[in-house]
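Naming: A, B, ... by sequence-line order, numbering from 1 per chain. Please read all numbers here as calculations on a predicted model, not as lab measurements.
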2 protein chains.
Amino acid sequence: MRLDRTPYDEKLDAILAASARVFAEKGYHNASIRDIARASGVSLSGLYYYFQSKEELLYLIQDHGLGTLLDRLEERLQRVVRPEDKLRVLIRNHLTYFVSNMAQMKVMSHEADSLTGEFKAQVNRKKRRFVDIAGEILNELNPNTDLDLRVSTFALYGMINWLYTWYRAERDPDADVLADTMTRIFIEGYRGNKVDPAMMSEAMLPS
Amino acid sequence: MRLDRTPYDEKLDAILAASARVFAEKGYHNASIRDIARASGVSLSGLYYYFQSKEELLYLIQDHGLGTLLDRLEERLQRVVRPEDKLRVLIRNHLTYFVSNMAQMKVMSHEADSLTGEFKAQVNRKKRRFVDIAGEILNELNPNTDLDLRVSTFALYGMINWLYTWYRAERDPDADVLADTMTRIFIEGYRGNKVDPAMMSEAMLPS
DNA sequence: GGTTGCACCGAACGTTCGATCGAACGGCGC
DNA sequence: GCGCCGTTCGATCGAACGTTCGGTGCAACC
C-alpha cells in the first residue's frame, strides 16, 4: 500500500526533514524560507511547488510527526493489557521517536503555538488524543487517587516533552534507559498516592 | 536598601512587564519592537533609551526573573532541613512564581534558546544553579537509587516548566494544589525506587 | 537666564522577509 | 517533431524588520 511512492513524495519528505532541522535549530519565526532552500538544496521559489506557505510547511511537519507517533502508539498499546505496561509503552513510544527524530520532535514540542487557525485546530485535535489516552491509562492505574487527573497527565507529558531542552545523545542514556527512568518514577509516584482509607468517612466505605 | 527606586527604575520595570506579555503572546522572534512600543505606551525610538537591543531586552526579562526566583528559593530552603520538605519548597517556589507571573515565566521557559553569546551564557549560569540545587536535594532524598540523577532532575523540571503550555488559571487548580500534586508524585516516585537489596551481590553488602 | 543633561520622539535607513510571476527545462504520448 | 505537463528557478515585489539619527521639551543648577 506504500508502494506508490513517487519521486514527488520522496522529495517532499526530504524537504520536510531539512525544514525540521532548520526550524529546530533557529526556531520557526527566526528561520527563513531562504534558510530552508539552502539546507534542502532547492531554490527559494522551487520550494513553493511543495507547499503554499511557510505556515503550511510547519503544519506538514507537525501533523505528519504526530500522526506517525499516534499510529505507533495505538498499535503498541493493543499488545499489552496491564496499565503499568500501557504507561511504559506510551513513555517508551514517545522517547524512542524523540531520540531518533530530535529535530522533528523539537519542532513538535516547541512550535506548538506557532500555528494559527485551522492548522492549529487540526494539530490540536491530534494532541488531544494523546492527552485522552494518557488520562485513561492513569485512571486504570490508580482509580482511587485524589491526585488531579489533568494535572497529573500534563506532569507526565512535561517530563517527556521537556527532553528536547536538555538531552544530548553523546552524554545522556539511550531512549530505553530514559523511558525506564521516567516510567519507574511516574508509576511509583502516581500509583503510590492512594486515598488513605483511614481518612475516609464511613459513608464512603462500601456498605 | 530598595528605597532608591527612581522613576527610571519604575518605568523600566513597566517596559519589561509589557515586553514579557508581548513576548509570551507572540514569541520573541515574532514580536516586533513596534508591538512592545504599542503595549508599553512608549514610542519606538523611546524604548531604546532603556535597552540597547531587542536581545538585551529579552536578557533583562530572563535574568531578572531567574534572579528573583533563585533568591526566593535559597531563602526558603534555609528554613527546612528534611529533603522531602526541600523538594516541596523548590516545586512550590517555582509554581507559585509561575502562576503569579505567567507571561514572564513563559518567556523564561520558552525563549531559553533565543539568546546568544554572553547573554545566553549569563542566563545559563543562573539556570545551572537550579539544576545543581535540585540534584543535591534528590541525592539527599534517595542516595541509594539507581535512577540516573541528571535524567531525574530534568524530569522534575520538565513537569514544572511544561506548565506554561497547558495551565489556565480559570479552570485549573491553584499553585498550592499544583505543587502538592507534583511533589507527591515525584517524592513517592523517586524515593520509592531504591536499589533492591535482594539484587545486590554479597560484595556490595557492608562487611 | 543661559547651559547642561535626562527623557523622549518622528522620520528614515538599509536589510530581510514571505510570496509571486513568467519563463524554461525534460520526459512522454502522439 | 510537436505539444503537453509536472517540475524548477531567477528576478522581483511590497511590507515589515531592528536600529539610528537629529532634534525637542523641560527641570535643575550656576
Side-chain angles (χ1 to χ4, degrees), chain A residues 3-63 107 111 113-120, chain B residues 4-62 107 111 113-120:
Chain A
L3 299 177
D4 55 346
R5 285 184 56 81
T6 64
Y8 176 92
D9 296 324
E10 308 272 2
K11 187 157 184 179
L12 175 57
D13 281 356
I15 289 174
L16 293 184
S19 303
R21 286 196 297 275
V22 173
F23 285 157
E25 188 191 328
K26 307 191 68 172
Y28 171 72
H29 287 296
N30 193 41
S32 69
I33 304 286
R34 285 163 180 82
D35 292 330
I36 290 165
R38 208 173 302 119
S40 63
V42 183
S43 74
L44 172 62
S45 48
L47 286 173
Y48 279 88
Y49 183 73
Y50 292 90
F51 51 83
Q52 300 204 48
S53 69
K54 187 187 180 186
E55 188 174 7
E56 189 196 344
L57 173 58
L58 177 59
Y59 164 76
L60 290 175
I61 295 170
Q62 295 203 6
D63 190 66
V107 173
E111 306 292 353
D113 262 15
S114 299
L115 292 177
T116 65
E118 193 51 40
F119 287 133
K120 173 181 246 174
Chain B
D4 55 347
R5 284 184 58 81
T6 64
Y8 175 91
D9 296 325
E10 308 272 3
K11 186 154 187 180
L12 176 57
D13 282 355
I15 290 173
L16 293 184
S19 303
R21 285 195 298 274
V22 173
F23 285 158
E25 188 190 327
K26 307 191 67 172
Y28 170 73
H29 287 296
N30 192 41
S32 69
I33 305 286
R34 285 162 180 85
D35 292 330
I36 290 165
R38 209 173 303 121
S40 63
V42 182
S43 74
L44 174 60
S45 49
L47 285 173
Y48 279 85
Y49 184 74
Y50 291 89
F51 51 83
Q52 301 204 48
S53 69
K54 188 186 180 188
E55 188 174 7
E56 189 196 345
L57 173 59
L58 177 59
Y59 164 76
L60 290 175
I61 295 170
Q62 295 203 6
V107 173
E111 305 293 352
D113 262 16
S114 299
L115 291 177
T116 64
E118 192 51 42
F119 288 133
K120 174 182 246 174

Ring geometry between A/Phe23 and A/Tyr28 (parallel below 30°, tilted from 30 to 60°, perpendicular above 60°): perpendicular

Sugar-phosphate, base or nothing in reach of A/Ala37, heavy atoms under 4.0 Å: nothing

Interatomic distance, A/Leu57 CG vs C/dC17 P [rounded to whole Å]: 15 Å

Separation of C/dC8 P from B/Leu12 CG (nearest whole Å): 11 Å

Presence of B/Tyr48 side-chain N/O under 4.0 Å of D/dC21 phosphate oxygens OP1/OP2: no

Side chain of B/Ile33 (C-beta onward), nearest among C/dA19, D/dG18, C/dC8: D/dG18

CD/A/Glu56: more than 12 non-hydrogen atoms of other groups inside 6.0 Å: yes

Touch class at under 4.0 angstrom, heavy-atom based, for A/Leu44 against every strand present: base

side-chain N/O B/Ser45 vs C/dC9 OP1/OP2, d < 4.0 Å: no

A/Glu10 atom CD: more than 12 heavy-atom contacts under 6.0 Å: yes

Minimum heavy-atom distance between B/Ser114 and B/Leu58, given as atom pair plus value: CB-CD2, 3.7 Å

For atom NZ of A/Lys11 and atom P of D/dG6, their distance in whole Å: 16 Å

Sugar-phosphate only, base, or nothing, as touched by B/Ser32 at under 4.0 Å among non-hydrogen atoms: sugar-phosphate

Separation of D/dT19 P from B/Glu56 CD (nearest whole Å): 10 Å

Protein-nucleotide distance (B/Leu47, atom CG; D/dG18, atom P), rounded to Å: 11 Å

Nearest-Å distance for atom pair CZ/P, residues A/Arg34 and C/dG18: 7 Å

B/Glu10 CD - C/dC8 C1' separation (whole Å): 18 Å

Residue whose nearest DNA chain D nucleotide is more 5′ - B/Ala31 or A/Tyr50: A/Tyr50

Phosphate OP1/OP2 of D/dC17 contacted by B/Lys54 side-chain N/O (<4.0 Å): no

Along DNA chain C (nearest heavy atom to each residue), the more 5'-positioned of B/Val42 and A/Gln52: B/Val42

For atom CG of B/Asp9 and atom P of C/dC6, their distance in whole Å: 15 Å

Side-chain N,O (A/Tyr49) to OP1/OP2 (D/dT8) below 4.0 Å: no

Closest-nucleotide ordering on DNA chain D, the 5'-leading residue of A/Gly41 and B/Asn30: A/Gly41

Atom pair OG (A/Ser40) and CD1 (A/Ile33), whose distance is rounded to the nearest 0.5 Å: 10.0 Å

